[in-house]
Amino acid sequence: MTGQTSSRAEIPVLSVRDLEVAFPTPDGDVQAVRSVGWDVYEGEVLAIAGESGSGKSVSVMAAMGLLPATAQVSGSIAYRGRDVLAMSDKDLERLRGSSISMVFQDPMTSLNPVMAVGAQIAEGVRIHQRVNSRTARSKAVELLDLVGIPNPGQRVDSYPHELSGGMRQRAMIAMAIANDPDLLIADEPTTALDVTIQAQVIDVLERAREATGSALVIITHDLGVVARIAHRILVMYAGRAAETGMADGVFERPSHPYTAGLLGSIPRLDAPKGTRLIPIDGAPPSMLAPPPGCAFAPRCPRATPLCSQEIPELRPIGNQQSACHHGEDQYNEDEDV
Ligand SMILES: Nc1ncnc2c1ncn2[C@@H]1O[C@H](COP(=O)(O)OP(=O)(O)O)[C@@H](O)[C@H]1O
Ligand SMILES: [Mg+2]
């Protein structure tokens, strides 16, 4: 995602370059992330998409300083120009406490089951602002209202198990923005939810981003979920960037066959119930021993012998950047559509 500057700010909120993450295991190194880069600017929504195991979560965990100590990390991660990889544990804690917030797939992993949601949100408010407990509580009610929880004045005293999955995820988002973060990272925030609730939670995230003016990085395996709100897209496959570019371009004319495959497997709200999606044939490779050349080649309808020999570099194709030897062919296929 190089060469694109936003009109809003010169320095990205977060800038990742040449990120490599490996996990040593008894069977060898798991090469989870291989030379990935992206930027996200103030007020911008970046979607990181790809199938399970493509390195999406590991890339953002690296940015938060949340990888296990065994992880081997190289490259650079800059938060507003400051090197995250060189930060002390204390600085990282402060960064996570006030500047970067995360929303996870399962809100129960982040919500305290024995504490009312309002009290948890109020705690977040008080970390950031010097206010008394009553003000913090009314701020919690405001936040619950903002994320669309009905009767927030009563719900503020509910425990997580008293809320539905969708309502819990809303509460989690309220908690994530309580300290007015600069950057909100949502890792598959809707994966555990029904399709109709998914769309609502995405709208809530967008509202939360607007209310805080933060940047939003949203991770998904389903490009359809983020279509309405993403400004930029990074498609990952087997730990690498497959394609990156502005969302409109990626959706209209993908320049990587993997992106085209992902777009073809988007579940549609208007499809009759029980309609089979068109999945991409095959499965992603093992990250212990990724195939030589393009990791997608074994599943790719456009693959030629070159693809299994030479790793394609990320390069400009159309309005995007793609790591595909046949990216032009893919890009031109959709020209008249
Ligand atoms: N702590 C770990 N130890 C070993 N391998 C890991 C660890 N965390 C993640 N991985 C591996 O790294 C790869 C990328 O994982 P991840 O980023 O979680 O994928 P996803 O795109 O689904 O979020 C996967 O092959 C996963 O098994
Ligand atoms: Mg993940």
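In each ligand, atom 1 is the first atom listed, and ligand 1 is the first ligand listed. FYI, the numbering just counts along the sequence from 1.
- Arg299 has a carboxylate O that lies under 4.0 Å from a charged side-chain N of Glu51, or vice versa, which qualifies the two as a salt bridge.
- Counting all heavy atoms, side chain and backbone alike, Arg80 lies closest to Asp182 at NE-OD2, 2.6 Å.
- Atom CD of Glu313 is surrounded by 12 or fewer heavy atoms from other residues, nucleotides or ligands within 6.0 Å.
- Of the protein's non-hydrogen atoms, Gly53 O, 4.0 Å is the one closest to atom 24 (C) of ligand 1.
- Close approach of ligand 1 to Ser54 (heavy-atom distance below 4.0 Å) involves ligand atoms 19 (O), 20 (P), 21 (O).
- The aromatic rings of Tyr159 and His161 sit parallel, their planes meeting at an angle under 30°, below the 60° perpendicular limit.
- Within a 6.0 Å radius of CG in Asp89, no more than 12 heavy atoms belonging to other residues, nucleotides or ligands are found.
- Among protein heavy atoms, atom 11 (C) of ligand 1 sits closest to Val30 CG1, 3.8 Å.
- Closest non-hydrogen pair, Thr244 versus Gln320, comes out as O-CB, 3.4 Å.
- Within the 4.0 Å heavy-atom criterion, the part of Met287 lying near ligand 1 is the side chain and not the backbone.
- Annotation: the span from Ser74 atom OG to Glu20 atom CD amounts to 5.0 Å, rounded to 0.5 Å.
- Closer than 4.0 Å to atom 27 (O) of ligand 1 lies none of the heavy atoms of the protein.
- Of all protein heavy atoms, the one closest to atom 12 (O) of ligand 1 is Ala32 CB, 3.2 Å.
- Counting heavy atoms of neighbouring residues, nucleotides and ligands inside a 6.0 Å radius, atom CG of Asp281 does not exceed 12 of them.
- The closest protein non-hydrogen atom to atom 10 (N) of ligand 1 is Phe23 CE1, 3.7 Å.
- The shortest N or O to N or O distance between Thr25 and ligand 1 is not below 3.5 Å.
- At least one N or O atom of Lys56 sits closer than 3.5 Å to an N or O atom of ligand 1.
- For the Mg ion (ligand 2), the N/O/S atoms of Ser57 include one lying under 2.8 Å.
- Numbered from 1 in the order shown, with element, the atoms of ligand 1 that lie under 4.0 Å from a heavy atom of Ser52 read 22 (O).
- The aromatic rings of Tyr237 and Phe296 sit perpendicular to each other, their planes meeting at more than 60°, with 30° as the lower class boundary.
- Listed by atom number, the atoms of ligand 1 under 4.0 Å from Pro68 heavy atoms are 1 (N).
- Protein heavy atoms are found inside the 4.0 Å sphere centred on atom 6 (C) of ligand 1.
- Scanning the protein heavy atoms around atom 16 (P) of ligand 1, the nearest turns out to be Val58 CG2, 3.8 Å.
- The protein heavy-atom contact nearest to atom 18 (O) of ligand 1 is Ser57 CB, 3.7 Å.
- Contact detail for Met108 and Arg168: the closest heavy-atom pair is SD-CD, 3.4 Å.
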